There are 2 protein chains.
Amino acid sequence: MARPSGSRGARTATLSDVAKLAGVSVATASKALNGRNHVHAQTRARVLDAAAQLSFSPNSLARGLLAGRSGTVGLLTSDLVGRFSLPILMGAEDAFGAGQVSVFLCDARGDAIRERHHVQALVSRRVDGLIVVGSSTDPRPPLADAVDVPVVYAYAPSEDPEDLSIVPDNVGAGRMAVEHLIACGRTRIAHISGDRDYSAARDRVAGATAALDDAGLEPVGQVSYGTWSEGWGRAAAGILLDRHPEVDAVLCGSDQVARGVMDTLRERGRTVPDDVAVMGFDNWEVLTTGARPQLTSVDMNLEELGRTAARALFDAIDDEHDRGVRTMRCRVVLRGSTAPLN
Amino acid sequence: MARPSGSRGARTATLSDVAKLAGVSVATASKALNGRNHVHAQTRARVLDAAAQLSFSPNSLARGLLAGRSGTVGLLTSDLVGRFSLPILMGAEDAFGAGQVSVFLCDARGDAIRERHHVQALVSRRVDGLIVVGSSTDPRPPLADAVDVPVVYAYAPSEDPEDLSIVPDNVGAGRMAVEHLIACGRTRIAHISGDRDYSAARDRVAGATAALDDAGLEPVGQVSYGTWSEGWGRAAAGILLDRHPEVDAVLCGSDQVARGVMDTLRERGRTVPDDVAVMGFDNWEVLTTGARPQLTSVDMNLEELGRTAARALFDAIDDEHDRGVRTMRCRVVLRGSTAPLN
DNA sequence: AAAATAACCGAAAACCTTTTCGGGTATGCT
DNA sequence: AGCATACCCGAAAAGGTTTTCGGTTATTTT
């Protein structure tokens, strides 16, 4: 009992086993199984039968060796633990899985050494392409080693503008959020952002500010930066209410911040959304649907971003290159925390 | 410009290229690069030089074809979107990456057809083993197709007791939680659980009940089941306080439930932890550290579970089989929501 | 009936690496 | 000096598949 099940003591069937059983040559067997023409229907049936009988599964290694392309890609994340890699990964896996491509997953854990090691391994496995998923939207250095296959950067763009990068549209997200609040009839809009060190925070602020400006509105108070946390949201909301009690909408740098803001609003006796509308970014389900009322948020469409990156990589493998930074549209997911004023 | 970088128009260097450049045979080149003995130090240096110069990277496909083992494993998740797959995945990836093993990631998205398709692809790629990650701790059917390589089930055990499964110890978690609350001096402990349809919920309840019994304590009220959500936690806590205002600790089926419970406690003027201690399961960071006070929770050690599964698969590949269900210990992560009574 | 054509099948090369085994050279020993 | 012994190196096979091209048989045309 070398193997748990189905072992039968024999090694896995090979094409020549199938050919032998079907009474044909390996060449014919190959053609029959791959749907090539120039093989009699009856012969094909015999081969298919034999293959099924031996539960034949073609050896992709041999095929890849011959074809010079493995039908695999590498998915290199900088930091799986972060919240943003997973949906991107899902999207990419989805897009590839639909084709005949299998995905190698590698997590560098934010370590450059480990990253190089993984890249080396992937090159050795002859992946046909590579998606590099960053851990924040700040630009990252391109892969150091001369990699011989196409690379697409996702979430974090490459510092080299000649590389192809797919990133979320944080500026557009900020703009979209403010436009939604204005559409709800809000005019005294404050912005409690996240960590200033993240370009995601600054970009969202830029978009929001621009949208306010376009609408001829003044922001209520200054944009305040802090951390991506509920605690910061609670604290910042306290300060905001002290200084600007007239506020009728708070745009928050993330859903976490928004949760904190809602807590403080409730404690100060402000009702959401009648009194103050609240809105977040990221559409992190556990936070948005757990909130009371549920939290309107801007979804960054990360799964779609992953799919797009995968498709772009497909194109690049087929020699249809593209360069530069491509941004993904995002979308407002409406929930109870924002509602029209009447 | 066929390729983004480093292409030089030439195909990737092969071992015979290296050999030619070094002025030796491919056999010698191979031995030199793989540290085999019986090759002169000076010759080896020449080969290494040549390899570096051509940035040679051995073709793992060819190597795998020859060796009869690919040095890859499949990681088959039922549902990536769930919260529990990711840490397991990280642990497994970590354990494998440390070796020379690369990981194929496949997500079946809860679909049996897709699962079979992925298994077929993995078999075709000649993975040396397979880890199947379930989406809940309820047992799942074993892989239908006769897979020729070792399989380890993680999180969700296989229905076949002959398979090897690694699962979290939910019963132990429930026990541990109650013991912690008792150690904090609590004696009037209520339990608001999650979705009764999940064995995770029932097992935790079983452990908690047993621990109460061992301590000679009666539970406060009946265990109440609902959903894994903050909303349920808020509602259930309201009912609990109405019926049993004397409660001094609430054990919650998950961190989400716990957040809801804490909300209601605060609204009813109960302080945590002085008045009532609160505790959750899963140690979902964004929820536990965002709570006020921060939430004590039982960590199910999922990353370690993933690592363990990977090591078990290693052993199985080396023909050191193991069978049955192995449970992982979990651990209480202490935070502000539980504290000793004085 | 002979020839031309179409349809089908098989031998062999190619992909790249590792390993085995035999041959060759220098060194040490008698 | 002659022989045995280490020590190195190279030729060749193996691993499983796909593709090309030449060959064989059956079918149609004249």
Side-chain angles (χ1 to χ4, degrees), chain A residues 10-48 50-51 54-72 100 120-121 123-128 148, chain B residues 10-48 50-51 54-72 100 120-121 123-128 148:
Chain A
R11 77 194 195 303
T12 67
T14 163
L15 184 59
S16 64
D17 296 336
V18 175
K20 202 172 299 172
L21 182 59
V24 298
S25 73
V26 286
T28 305
S30 170
K31 278 180 280 195
L33 290 172
N34 293 312
R36 289 274 170 291
N37 44 2
H38 296 299
V39 45
H40 200 276
Q42 196 175 322
T43 314
R44 167 162 309 165
R46 260 207 335 277
V47 172
L48 259 52
L54 299 173
S55 64
F56 169 73
S57 167
N59 188 326
S60 294
L61 276 62
R63 181 181 291 184
L65 183 58
L66 193 57
R69 85 168 32 181
S70 62
T72 61
Q100 295 299 318
Q120 189 47 53
V123 167
S124 183
R125 297 212 181 271
R126 296 296 186 267
V127 291
D128 298 331
D148 222 4
Chain B
R11 78 194 194 301
T12 66
T14 162
L15 184 60
S16 66
D17 296 336
V18 175
K20 201 173 300 172
L21 182 58
V24 297
S25 73
V26 284
T28 306
S30 171
K31 279 179 279 195
L33 290 172
N34 293 312
R36 289 274 169 291
N37 43 2
H38 295 302
V39 45
H40 200 276
Q42 196 175 322
T43 315
R44 167 161 311 168
R46 256 202 344 272
V47 172
L48 259 51
L54 299 173
S55 64
F56 169 75
S57 167
N59 188 327
S60 295
L61 276 62
R63 181 181 291 182
L65 182 58
L66 194 58
R69 87 171 28 183
S70 62
T72 61
Q100 296 298 317
Q120 189 45 54
V123 167
S124 183
R125 298 213 181 269
R126 296 296 186 268
V127 291
D128 298 330
D148 222 4

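Residue numbers begin at 1 in each chain, while the letters A, B, ... track the order of the sequences. Keep in mind it's a predicted model, so treat the numbers as computed, not measured.
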Enquirer: When the distance from CZ of A:Arg69 to C1' of C:dA14 is rounded to whole Å, what number comes out?
Expert: 18 Å
Enquirer: Work out how much the helix from C:dA1-D:dT30 to C:dT30-D:dA1 bends between its end axes, five pairs an end, to the nearest 10 degrees.
Expert: 50°
Enquirer: Say you draw a straight line from CZ of A:Phe56 to OG1 of A:Thr12; how long is it, rounded to the nearest 0.5 Å?
Expert: 8.5 Å
Enquirer: In Å and rounded to the nearest 0.5 Å, what is the CZ to CZ distance from B:Arg126 to B:Arg69?
Expert: 14.5 Å
Enquirer: Within the sub-3.5 Å range, which N or O atoms of nucleotides 14-17 of chain D have a protein N or O partner, and how far apart are they?
Expert:
residue : atom : partner : partner atom : Å
D:dT17  : OP1  : A:Asn59 : N            : 3.3
D:dT17  : OP2  : A:Thr14 : OG1          : 2.6
D:dT17  : OP2  : A:Leu15 : N            : 2.3

Enquirer: Check whether any side-chain nitrogen or oxygen of A:Arg36 sits under 4.0 Å from OP1 or OP2 of D:dT19, and answer yes or no.
Expert: yes
Enquirer: So, OP1 or OP2 of D:dG10: does either fall under 4.0 Å of a side-chain N or O from B:Ser25?
Expert: yes
Enquirer: Please report, rounded to the nearest Å, how far the C1' atom of D:dC8 is from the CZ atom of B:Arg46.
Expert: 12 Å
Enquirer: Taking only N and O in the side chain of A:Thr43, is any of them less than 4.0 Å away from OP1 or OP2 of C:dC9?
Expert: yes
Enquirer: Counting N and O atoms only, with roles assigned by atom type, does the side chain of B:Asn34 sit under 3.5 Å from a partner on the main chain of B:Arg36, one being a donor and the other an acceptor?
Expert: no
Enquirer: Only one of B:Thr28, B:Leu21, B:Val26 passes side chain to side chain contact (heavy atoms under 4.5 Å, CB included) with B:Val24; say which it is.
Expert: B:Thr28
Enquirer: Which whole-number value in Å describes the distance from A:Lys31 NZ to C:dA11 P?
Expert: 11 Å
Enquirer: So, taking the atom named CG in A:Leu66 and the one named CG in A:Asn59, what distance separates them when rounded to the nearest 0.5 Å?
Expert: 11.5 Å
Enquirer: Examine distances only and state if a side-chain atom of A:Arg125 and a backbone atom of B:Ser60 form a donor-acceptor pair shorter than 3.5 Å.
Expert: no
Enquirer: What is the distance from NZ of B:Lys20 to P of D:dG10, rounded to the nearest Å?
Expert: 14 Å
Enquirer: Just how far, in rounded Å, is P of C:dT18 from CG of B:Leu61?
Expert: 13 Å
Enquirer: Answer yes or no: is there a side-chain heavy-atom contact under 4.5 Å between A:Arg46 and A:Thr43?
Expert: yes
Enquirer: Give the rounded distance in Å between these two atoms: NE2 of B:His40 and C1' of C:dA26.
Expert: 11 Å
Enquirer: If you measure from CZ on B:Arg63 to CG on A:Leu61, what distance do you get to the nearest 0.5 Å?
Expert: 12.0 Å
Enquirer: Drop me the distance from B:Gln120's CD to A:Ser55's OG, to the nearest 0.5 angstrom.
Expert: 8.5 Å
Enquirer: Without decimals, in angstroms, what is the distance between A:Arg44 CZ and C:dG10 P?
Expert: 14 Å
